Amino acid sequence: MKNFNLNTKNSEEWFTPPELIKALGEFDLDPCSPVNRPWDTAKKHYTKEVDGLKQKWEGRVWLNPPYGKETFKWIERLANHGDGIALIFARTDTKGFHEQIFAKADGIFFFKGRISFYNAEGRKGPANAPSCLVIFGMQNIYPVFKAMKEQLINGCLINNNGHWKES
């Protein structure tokens with residue numbers, strides 16, 4: 001199995017679509033926010049300048065981690081924190097996905113089709129792989145379910161009990 005998400009051809013800094021953040025509700029912290037973000041993803045932001053992995057995490061966390069060798073270090077930290085949602089590639093074949101997500105997450109939402117991100121120049125383009133939301137904390141299942149019900153996101157939600165609901 002592969003060990004991580006690796007995309008060596010593109011920048012590791014991509015902006016979360018603002019409509020996705022709006023659909024999922026307010027977050028207290030984004031620990032790996034871009035330095036020059038065009039919109040807020042949470043009330044508080046850490047950037048690479050302060051290394052969000054080394055900072056204190058509080059409240060509901062939004063995590064769109066760097067897509068590369070460090071992805072699952074961020075996921076492990078979110079799993080240990082226990083309250084938040086991560087947006088990552090749905091690389092279900094990787095060791096990290098099995099160890100950090102299938103083993104620890106309270107839910108996973110698989111998007112129907114590929115979502116679009118914004119690059120540093122402000123251009124919107126589709127991801128080069130399928131994406132998913134990884135949910136830690138049962139209280140974060142409902143906002144994802146609600147966004148599905150309101151047709152703000154489309155896909156399949158699976159919780160840790162094996163129940164699922166497809167939109």
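What you see below is based on every heavy atom in this structure, not just the backbone, and it leaves out hydrogens, waters and symmetry mates. Just so it is clear, the model here is predicted, and its values are computed rather than measured.
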Any donor-acceptor pair under 3.5 Å from [X] side chain to [Y] backbone:
X: Arg114; Y: Asn128; result: yes
X: Thr94; Y: Arg91; result: yes
X: His98; Y: Thr92; result: yes
X: Asn159; Y: Gly107; result: no
X: Trp39; Y: Thr16; result: yes
X: Thr71; Y: Pro66; result: yes

Partners of [X] by side chain to side chain donor-acceptor pair (under 3.5 Å), sequence neighbours excluded?
X: Gln55; value: none
X: Lys56; value: Glu58
X: Asp40; value: Arg37
X: Glu26; value: Lys43

Just do the side chain to side chain contact (heavy atoms under 4.5 Å, CB included) check on Asp83 and Phe136 with the steps written out, would you?
-> CA-CA 5 Å; Asp83 185 6; Phe136 294 97; over 6 Å; no

Grab the two heavy atoms, one from [X] and one from [Y], that are nearest each other, plus how far apart they are.
X: His81; Y: Gly59; result: NE2-O, 2.7 Å
X: Asp30; Y: Ser33; result: OD1-N, 3.3 Å
X: Gly137; Y: Asp106; result: N-OD2, 2.5 Å

Any salt bridge (charged side-chain N to carboxylate O under 4.0 Å, His left out) pairs touching residues 125-147, not counting sequence neighbours?
-> Lys146-Glu150

Please identify each residue that fulfils side chain to side chain contact (heavy atoms under 4.5 Å, CB included) with [X], with sequence neighbours left out.
X: Lys73; result: Leu53, Glu70
X: Glu49; result: Val35, Thr47
X: Glu19; result: Pro17, Tyr118, Lys124

Do the non-hydrogen side-chain atoms of [X] and [Y] ever get within less than 4.5 Å of each other?
X: Val61; Y: Trp74; value: no
X: Leu63; Y: Ile75; value: yes
X: Tyr46; Y: Leu29; value: yes
X: Leu133; Y: Leu24; value: yes

Cluster question for you: counting only ILVMFWY and a side-chain heavy-atom cut-off of under 4.5 Å, with indirect links fine, are [X] and [Y] together?
X: Ile108; Y: Leu152; value: no
X: Ile141; Y: Ile21; value: yes
X: Leu78; Y: Val50; value: yes
X: Ile101; Y: Phe110; value: yes

Nearest 0.5 Å please: distance from the [atom1] atom of [X] over to the [atom2] atom of [Y].
X: Tyr142; Y: Ile135; atom1: OH; atom2: CD1; answer: 13.5 Å
X: Thr41; Y: Phe15; atom1: OG1; atom2: CZ; answer: 10.5 Å
X: Arg77; Y: Trp57; atom1: CZ; atom2: CH2; answer: 5.0 Å
X: Cys32; Y: His45; atom1: SG; atom2: NE2; answer: 10.5 Å

Report the relative orientation of the aromatic rings in Tyr67 and Phe89; use parallel for angles under 30°, tilted for 30 to 60°, perpendicular for over 60°.
-> perpendicular

Might you confirm whether atom NZ of Lys44 has over 12 heavy atoms from other residues, nucleotides or ligands at distances under 6.0 Å?
-> no

Ring pair (Phe, Tyr, Trp, His ring centres under 6.0 Å) filter on Phe111, not counting sequence neighbours, yields Phe109

Residue list, ring pair (Phe, Tyr, Trp, His ring centres under 6.0 Å) with Phe97, at least two apart or on another chain = Phe102

Given Ile88 and Cys132, is the side chain to side chain contact (heavy atoms under 4.5 Å, CB included) satisfied, shown in steps?
-> CA-CA 6 Å; Ile88 65 169; Cys132 65; 3.9 Å; yes

